[in-house]
Amino acid sequence: MADEPTIGENLARLRAQTGLTQQELSNKSGVSVATIRVLERNGRTTALMGTLAKLARALDVKPQALLGQPQTLHQEDGHRASVAALRRSVLALNEVPGVPLSAAAGAEDAPDAGELRHTVEVLWRQYHHGEFSGLVAGLPGLLGGAKATVRTARGSGRRVASAELSRAYQVAAMVAVHLSQDDLARAALEKAMVAADRAEDRLLIAAGCNALSWVLLRQGEPGLAAQLAVGAAEELNPRMAASDYTALRMWGRLMLSAVTAASRQEDFDGATELLASARRCTKVVRTDRMDYLNGGHGAAFGPAKISMVAVELAMAQGHSGEALRLAKKVPPTRRLPPATRGRHLLDVAQAQTWEARFADAVTTLTRVRAMAGEWMRYQVLARDTVQQIIEDKGRRRVEGLVPLAKHMNIAMR
């Protein structure tokens, strides 16, 4: 297994390319020279996302350039599938005004809206189970079919078909994000928003804003991401009543996205206020469940999900002990999909690692692997945590660490 560059190695390379000294990068980013020095010396192989966002902005790169997130499917998944077919489907040239190309011969049949909705739900479930290989293979056909349905529909049927096309584009966008194709994801979401507008569906528009907020966050724009999430929530403005249940859930989902964005700016007071706003929704939304119909990104919402975000916020502040205390209060639920529960457990594992509870961290990571093994391979936080345990333990091995390292394609020295 080939060693991949660490955050520090990526940072040193990018800093050298821009011609900045460590002090100049510190002045430009607001990150201390000491932190930059420790990272570049590999004295620490992880960093808070807020710190990485500041460094990325100063270096004029995306945070992923520092993290080194993989851009293709894992070799052990049977093939290294490219995103070429997905890119061709999202950015179809025949849809660009003035381009002298027509739809390809033998284009997809136009399925009915019910069939499209069922397919979208199946793909969202695959997404939340981390089954990206199947998703990449199935998305071009879904998008082609949805476009064909919109082309042939008339009257109110076209609005219904446009809603399904919007949902299909949202699935494509979220898969592109996990393959580090952020520009493709943004293009897909812009098309999802256009389709949602044509469908005259305010919840789908809000769902598109929620997904776009995440993409902006990944592209190093936490301020814009927070602004978009809060603005979309204000547009919805639901009543705190059961009669507005679905809109209230969407409002809460947007608030949680804003919490993450605010924490990446190290606006922890603002993030705490936003989290408290989301928590007020539990007066009406009393159980956790998934809402695939209104956009699959951040589809989980309820008391457990809010508690998980509280743990995430504690970790963003570097409070690992507090994060573990809060993790004990997360209500148990099987209603949330493996990727949602796995993301929370990665926060727990990182907190355990910071507290030098390495055996506990390995146990937690092993749970994530069993729960969502393919999804785990794409998670930078999982990779960084396993790497940190390896480095902190040196030649001393923790039971279960070797299989984890092999799963994440990390060399054991």
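Keep in mind it's a predicted model, so treat the numbers as computed, not measured.
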Hey, could you give me the [atom1]/[atom2] distance between [X] and [Y], rounded to the nearest 0.5 Å?
X	Y	atom1	atom2	result
Met250	Asn210	CE	CG	6.5 Å
Asp360	Gln352	CG	CD	5.0 Å
Arg249	Phe301	CZ	CZ	7.5 Å
Leu55	Leu39	CG	CG	7.0 Å
Glu312	Ser263	CD	OG	6.0 Å
Glu391	Asp384	CD	CG	9.5 Å

Test item: side-chain donor near acceptor, [X] and [Y], under 3.5 Å:
X	Y	value
Asp288	Thr333	no
Arg343	Thr340	no
Asp183	Gln219	yes
Thr35	Ser32	yes

May I have the step-by-step check of side-chain hydrogen bond (donor to acceptor under 3.5 Å, both in side chains) for Gln350 and Thr385, ending in yes or no? CA-CA 6 Å; Gln350 186 182 50; Thr385 303; 4.7 Å; no

Candidate pair Asp60 and Thr18, rule side chain to side chain contact (heavy atoms under 4.5 Å, CB included), full reasoning: CA-CA 9 Å; Asp60 195 25; Thr18 59; over 6 Å; no

Using the test salt bridge (charged side-chain N to carboxylate O under 4.0 Å, His left out), find all partners of Arg117 that sit at least two apart in sequence or belong to another chain.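 Once residues adjacent in sequence are excluded, the partners of Arg117 under the salt bridge (charged side-chain N to carboxylate O under 4.0 Å, His left out) criterion are Glu164.
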
Mind checking what makes salt bridge (charged side-chain N to carboxylate O under 4.0 Å, His left out) contact with Glu200, not counting sequence neighbours?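 For Glu200, no residue satisfies salt bridge (charged side-chain N to carboxylate O under 4.0 Å, His left out) once neighbours in sequence are set aside.
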
Looking at every heavy atom in both [X] and [Y], which two are closest together, and how far apart are they?
X	Y	answer
Ser320	Met315	CA-SD, 3.8 Å
Leu91	Lys191	CA-NZ, 4.3 Å
Glu24	Gly19	OE1-O, 3.8 Å
Ala185	Ala173	CB-O, 3.3 Å

Within a 6.0 Å radius of atom [atom1] on [X], are there more than 12 heavy atoms belonging to other residues, nucleotides or ligands?
X	atom1	answer
Arg367	CZ	no
Arg325	CZ	yes
Arg158	CZ	yes

Evaluation steps, side chain to side chain contact (heavy atoms under 4.5 Å, CB included), between Leu346 and Gln379: CA-CA 9 Å; Leu346 290 184; Gln379 306 310 307; 3.8 Å; yes

Parallel, tilted or perpendicular: rings of Tyr127 and Trp124 (30°, 60°):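 Correct class here is perpendicular.
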
Do the charged groups of Arg167 and Glu121 touch, with an N to O distance under 4.0 Å?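 Salt bridge absent between Arg167 and Glu121.
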
Should the pair Glu266-Lys54 be classified as a salt bridge under the 4.0 Å nitrogen-to-oxygen rule?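 A salt bridge links Glu266 with Lys54.
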
Please test Ile390 against Ile410 for side chain to side chain contact (heavy atoms under 4.5 Å, CB included), starting from the C-alpha separation and ending with a verdict. CA-CA 10 Å; Ile390 292 171; Ile410 297 174; 3.8 Å; yes

Going by atom type alone, with no hydrogens or angles, which donor-acceptor pairs under 3.5 Å involve a side-chain atom of residues 225-243 and a protein atom two or more places apart or on another chain?
| from | atom 1 | to | atom 2 | distance (Å) |
| --- | --- | --- | --- | --- |
| Arg239 | NH2 | Ser243 | OG | 3.3 |

